[in-house]
There are 2 protein chains.
Amino acid sequence: MLDARTDPAEAGEPPGGTLDEQAYRRLRTALVEGAFAPGDRLSIRRVAVALGVSAMPVRTALRRLAVEQALDILPSGTAIVPRLTQPAFAELGAIRAELEPLAMRMATPKLTPALLDALDQRLAEHIQARERSDPEAVLKADRSFLFIVYQACEAPMLLQFIESLWLRRGPVFWEARWSLLSHGGVRHHHREILAALRHGDAAEAALALRQEITSATAFLMTHLQFANGPSTPMGLAALAPVR
Amino acid sequence: MLDARTDPAEAGEPPGGTLDEQAYRRLRTALVEGAFAPGDRLSIRRVAVALGVSAMPVRTALRRLAVEQALDILPSGTAIVPRLTQPAFAELGAIRAELEPLAMRMATPKLTPALLDALDQRLAEHIQARERSDPEAVLKADRSFLFIVYQACEAPMLLQFIESLWLRRGPVFWEARWSLLSHGGVRHHHREILAALRHGDAAEAALALRQEITSATAFLMTHLQFANGPSTPMGLAALAPVR
DNA sequence: TCCAGCATTGTGTGATCACACTTTTTATGG
DNA sequence: CCATAAAAAGTGTGATCACACAATGCTGGA
C-alpha cells in the first residue's frame, strides 16, 4: 500500500505525496462532484476499504474536511454529508457576496494581459457550453473564470476561505445545474467583469461580481427545494482505491 | 490519563469530552494568549508529553489548527507558529473589514435588550481596564464585546471564519498590547457601535466597526516591526498536563 | 582549530489493536 | 402480529509500534 509513495511517477490525478493528502483529495473531489447525497454517513472504516488504505489517513482526511465545513460530525463522531438548509444557503451567499468582490478588487491591479486572455477564453468556453446545453461544462468554465482571478490576488488566507465556501456550494450548484442553464445571467455578468478588469476598474468589477452572486443565490433560493434527496448519487463506489 | 473522561465533574476550564478536544482547546488558548513565539516548532511528541497524553490527540489537534490557519506545517510535517508578514497582516485586516461588519449587520435585528446591556458592561470593563493601564483586560473586554455580537447573528459558518481570523490576529495584538493602550480609538468606536445598535441602525454600526478595524490595522502596520522575536514567550511550559 | 564523516536522536506517517459506545439486527415475549 | 429486549455488528477514540526520513550531535582526522 506504499506504492504511491515509492512510485512517484504515474497517477495523473492523485500525485499527493502522503496518503493523508491522497485520501483528502479523493474525498474532496468526490464531494464537489456530487458523488454523495446529503445525509450520507461516511464511516472511517468503510471509506478506508473503499480507498484501499488503512483507517488512519481516512480519519485525518475526514476530520480535515469537517474543519473546512465540507462535512458535519454527528455527536457520535461519524461524518455525514451536510444537508444545506435554506438559512445556511443564504448565509453562504452573503459571505460570498463580501469575500469574492474583495478578492476581485485585490486582483484587479495584478492581472496581466495573459491572464486577461485566459479569462476571455473561459468566457468563450462558457458560451459554447451553454449553446450545447452542457451544464457540467458551464459550471466548470465559470469556476475556472473566477478562480483565475482569485488566485491572481495572491492572498492565501482569502483564497482558502473562498475555496471552503465553494466546497459547500458545490453540491447545491451541481444538483441545480439544469435550472442554472435556464437562468444564465452569468454570461452577462462575466462580460461586465472582464470589461471592467480590462479598464482596471476594480470597483466596477467587484460590483458586477457581487450582483452575479446575489442574483444566483436569489434564483436558487426560489428554484430549489432544500432538505431533499438528490438525483443519483454514486456513494462510496465513486472512491476508487488509491492505486 | 483517562481521569478527565471517567471524572466528568471538576476541571472548570477543559470540560471537553474527548482528549482530541481537550488538546485542541489547550493549544488554541495557549496560542491566542501568546504562549508561543512565532517560528516555534511544535512537535507532536513533545507537545504530547507536555500535555500528558499520547501522540494521537495531539496530532489531530495540531492538524486541525493548521487547517484553521492558526499553525503552519513545514514540508517535513512539523507544525510551527506562523510568522505574520506585513502583507499577511494587511490581508487579515482586509478580510476582517468585510466579514465582521457583515456579522454586525446580521446581528443587529437579533440583539435583545439583555444582550445590549451585556455590551454596555463590556464597554464599561474596557474603560476601567484602560484607566488601570491593564492591557490584557482591555483586550479581553474588546473581544468579549465583539463576540457577543458575532454569536448573536446565528451564522455558524461566518462565526467560524471570524474565529479563524482572530486566531491568527491574537498573537500580534497580544504582542502589541502596550502600544494599543496608547492608541485607544476602540473606546470611541465601541460607543458608536452600541449607540447605533440601540437604534437598530445596522448600516451605521457596521460602518463604525469597519472604521475600528481599518484604523487598528493601519496603526499596527506602522507601530509594529514584523518578523521579530516577541517579548517573553513561555513555550511548552504553558501546557499543563490534561489533569 | 576546523571540518568531514558518521552515529544518535528526533520526527511524521501509517498500521494495528483494545476499549467503550452506538446502531442495527435478531430473537423472544406478550 | 407487534413491541420489547437481547445479541451482534459497526463505530470512533486513543495507545502503541515499525518505518523512513531529517536534523543534530559527536568523534575522528587534517
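Not measured: the values here are computed from a predicted model. Each chain gets a letter, A, B and so on, in the order its sequence line appears, and its residues count up from 1.
- Counting heavy atoms from C-beta on, the side chains of Pro57(A) and Gln22(A) never come closer than 4.5 Å.
- Between the CZ atom of Arg63(A) and the P atom of dG14(D) there is a distance of 10 Å, given to the nearest Å.
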Practice item. With side chain to side chain contact (heavy atoms under 4.5 Å, CB included) as the test, would you mind laying out the steps for Ile44(A) and Arg63(A) before giving the verdict? Key: CA-CA 10 Å; Ile44(A) 292 180; Arg63(A) 293 299 174 267; 4.3 Å; yes
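- The stretch residues 69-78 of chain B touches DNA chain C through Ser76(B), Gly77(B), Thr78(B), each having a heavy atom under 4.0 angstrom from the strand.
- With rounding to whole Å, Leu19(B) atom CG is found 11 Å from dT13(D) atom P.
- Residue side chain Arg59(B) reaches the base of dG14(C) through a donor-acceptor N/O pair under 3.5 Å, judged by distance alone.
- To the nearest angstrom, P of dT11(C) lies 11 Å from CG of Leu42(B).
- The CD-P distance, from Gln22(B) to dA15(D), rounds to 11 Å in whole Å.
- In this structure, Met56(A) atom CE and dT11(D) atom P are separated by 18 Å, rounded to whole Å.
- Atom-to-atom, CD1 of Ile80(B) to P of dA23(D) comes out at 13 Å; the value is rounded to the nearest Å.
- Looking at Arg169(A) and Asp142(A), no side-chain N of the basic residue comes within less than 4.0 Å of a carboxylate O on the acidic one, giving no salt bridge.
- Nearest to the side chain of Arg46(A), among dT11(D), dA15(C), dG14(D), sits dT11(D).
- Regarding Glu21(B), its CD atom lies at a distance of 10 Å from the P atom of dT13(D), rounded to whole Å.
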Practice item. Apply side chain to side chain contact (heavy atoms under 4.5 Å, CB included) to Val58(A) and Tyr24(A), showing your working. Key: CA-CA 7 Å; Val58(A) 176; Tyr24(A) 168 72; over 6 Å; no
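- Here dT22(C) presents its P atom at 13 Å from CZ of Arg41(A), a figure rounded to the nearest Å.
- Comparing atom distances between the Arg45(A) side chain and each of dG14(D), dT11(D), dT13(C) picks out dT11(D) as nearest.
- Both cation-pi conditions hold for Arg143(B) and Phe147(B): the charged atom is under 6.0 angstrom from the six-membered ring centre and inside a 45 degree cone around its axis.
- One finds a salt bridge joining Arg64(A) and Glu21(A) here, because a Lys/Arg side-chain nitrogen approaches an Asp/Glu carboxylate oxygen to under 4.0 Å.
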